[in-house]
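Here is how names work: the chains are called A, B, and so on, in the same order as the sequence lines, proteins then strands, and each is numbered from 1.
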Number of protein chains: 2
Amino acid sequence: MAVTLAEVAAHAGVSPATVSRVLNGGYPVAGGTRTRVEQAVEELGYVANGPARALAAATSDLVGVLVHDVADSFFGILAGSLQGALAPTGHGDPRRLAVVCNTEGAPAAELAYLTLLEGQRAGGVVLTGGAVEEPGHTGALTARVTRMAASGAPVVLCGRPPLPVPAALPVATVMFDDRGGAFRLAEHLLALGHRRIAYVAGPPGLSTTRERLAGHREALGLHDPALPEACEPLTVHAGFERSAGYDATRELLRRGAPFTAVAAANDTVATGVAAALREAGLRIPGDVSVAGFDDLPVCVDTAPALTTVRVPLREAGVLAAQLVTGRKPLPPGGITTLPTELMVRGSTAPPPAGGSRP
Amino acid sequence: MAVTLAEVAAHAGVSPATVSRVLNGGYPVAGGTRTRVEQAVEELGYVANGPARALAAATSDLVGVLVHDVADSFFGILAGSLQGALAPTGHGDPRRLAVVCNTEGAPAAELAYLTLLEGQRAGGVVLTGGAVEEPGHTGALTARVTRMAASGAPVVLCGRPPLPVPAALPVATVMFDDRGGAFRLAEHLLALGHRRIAYVAGPPGLSTTRERLAGHREALGLHDPALPEACEPLTVHAGFERSAGYDATRELLRRGAPFTAVAAANDTVATGVAAALREAGLRIPGDVSVAGFDDLPVCVDTAPALTTVRVPLREAGVLAAQLVTGRKPLPPGGITTLPTELMVRGSTAPPPAGGSRP
DNA sequence: CGGGTGATAGAAAGCGCTTTCTCCACCGGG
DNA sequence: CCCGGTGGAGAAAGCGCTTTCTATCACCCG
């Protein structure tokens, strides 16, 4: 079967303890001894037994990555860069493995996976995506996160607001400036002359939905205090899938209230919005402007290319990896906010001259 | 700290062995005893220590999922459905965790991750994406896969050809009918009247590239034995990214050899192809038809919607999960080929009447 | 009516590693 | 010249679980 530590020790003529120390560092080992052990490891092709290490050390090389759904590019890109950054540059470093868990955004699934990861003695956990803001769940989540962090496993909240955990614990938050991005996007639409701006928001109760909507409204209100209220009937809550955007837009069109622009919760929803508009015979951006959020790869290939807000997913993934592995110290306050950037493309233009349609 | 098996045993007034048996099944436990144990587990909120189980049982609940890159929708969708299907319907079932590893298609990374997973005593491994067909690597991979399977961890090859391992081992292969799909796509182009068909192929040496190209050429040859050779100068090898399609198309245009259609290695590449053509002032499908492969979600939102070949990624993910967990018996021969389907959309049309351009 | 014969439960031996705790040599200072 | 220090190595005790191997009981059949 597999080579064990003891065999390596025997081969090198030292005790198992010494081999362990050479492999894990943090304890002085004389140069000659170290060399002999390393050679034995090499010759025997020794690969440590992960579970045994985890059992003895009470922590493993596993890093849990909770996402709403990896099939969604937003999470796929985040998880991908995170996974890549988990493998450090140095060659001998212990390689962390990413355990990705699709929660579908469901609180129960989130907690269930956290339990599973705790049982696996995961060496860290990254919670990504908007948080369900519901007192009961936030409380339960905070308790779980506190417990994990207290047991030494760093927790990184990525793309969601911080949790009220004791400051001394290894819990970091990496946020996106969703609010600012939504604000600038709305400003862009206003500057183009739009006033009747529809908004296809994400699921209610989700932090991301709240932030983006807040930024959007703030911009409207700053331009004209009456605008937020005026646009209220043009706001629809939906899911984060393409079909949600499609359905919401059909509903909007059915209602008949005129609008000249639609801002969507994210790019995927925006493609659904665009499809519904096109199907209704409306031209983009001639008749109606459309904007998304996230700047997923799809944005540049839609027709027309989608105006959106870039969210630095790759950067976030790398940062989260560095934080969860402890390679990067926690920032003071534990919170890092990554900037978002308005990406103006072809899907937004001034409203039609003849007045607002439909 | 965490509740242990022994504590549950004490609470239920039985021995640890009995608790273990209730939890794992496969050994008769009297109804009353079982109930008492289950109640104790419930009351104490017991969660098994994964590493300890894995150490004692020499196998874990971890399932390795090797992908080229999760950020790529192809793999994201595959990994997502696979991960979802790993969590069985029943509630008490042991939940398998998916460890996703980005190999970037690099043989060395593939082997390195396999070693890591072996060290973790993974309960199974799924290798996805085209295989690098290089004797040395195939040999090394076969050896590794054989060893893992022999130690009891099922291995599933998904979207790649089978490996020559002993038939008795738990190794299954789930393939896509890439060749057939490419064949039908080429037939479609030929039926539209195209004769000068460019092909932006994937990286050389990859099984997927080979299969798709083979199907494509087969259709050309069947239509006119001289066609494959005639189209040879219009075939370019590139990567699987959008930029590869873009660059390859620019190169094709630069060469000046006329073509009326371009078939791309996959949808992502096709979007790059389309972008380059559009940039060159060519209309799709008016001047040049474009076709992709995979039928990723992006296909329906490009302008025009992309004609492509649907590859049943979700189905494959679910099937792979069932096979790797042993929930579904290995098919005879160990190989399952999933059908692909031609999806005709707006990006393909008859070639321009005036003759082939550019 | 006694010893098979199942059906259950317990004892105990690890699984392969980490990590105290101990021990040993050898060093320099008093 | 002796002794406390100190760097380096080993012994051994687990970590929490699975899994033989054994030990009990009932029973049941000849």
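Between S151(A) and R121(A), the side chains place no donor N or O within less than 3.5 Å of an acceptor N or O (distance only, hydrogens not considered).
Here dG16(C) presents its C1' atom at 11 Å from CZ of R53(A), a figure rounded to the nearest Å. The interatomic distance linking Q120(A) (CD) with dC17(D) (C1') rounds to 13 Å, in whole Å. The CG atom of N49(A) sits 13 Å away from the C1' atom of dG14(C) (whole-angstrom rounding). If you measure from atom CG of L23(B) to atom P of dT18(D), you get 7 Å, rounded to the nearest angstrom.
Taking a cutoff of 4.0 Å between a charged side-chain nitrogen and a carboxylate oxygen, E118(A) and R144(A) qualify as a salt bridge.
Applying the 3.5 Å distance criterion, the base of dG10(D) shares a donor-acceptor pair with the side chain of R21(A).
Relative to the side chain of L5(B), the nucleotides dT18(D), dC17(C), dT18(C) differ in distance, and dT18(D) lies closest. Here the side chain of Y27(B) is nearest to one of dC17(D), dG10(D), dG10(C), namely dG10(C). The T18(B) side chain lies nearest to dG10(C) when the options are dG10(C), dA11(D), dC15(D). In the set dG16(D), dA11(D), dT19(D), dT19(D) carries the atom at the smallest distance from any side-chain atom of A17(B). Set against dG8(D), dC17(C), dG16(D), the side chain of A30(A) has dG8(D) as its closest nucleotide.
One finds the CG atom of L206(A) at 8.5 Å from the CZ atom of R160(A) (value rounded to the nearest 0.5 Å). Between the OG1 atom in T173(B) and the CG atom in L163(B) there is a gap of 7.5 Å [rounded to 0.5 Å]. The structure places NE2 of H11(A) at 5.0 Å from CG of L44(A), a figure rounded to the nearest 0.5 Å.
Using a 4.0 Å cut-off, some side-chain N or O of T33(B) falls inside it from OP1 or OP2 of dA9(C). Residue N24(A) places at least one side-chain N or O closer than 4.0 Å to OP1 or OP2 of dT18(C). Between S20(A) and dT18(C) there is a side-chain polar atom (N or O) within less than 4.0 angstrom of OP1 or OP2.
When the local axes at the two ends of the helix from dC1(C)-dG30(D) to dG30(C)-dC1(D) are compared, using 5 base pairs at each end, they differ in direction by 50° after rounding to 10°.
Listed for the S207(A) side chain is a donor-acceptor partner under 3.5 Å among the backbone atoms of A131(A).
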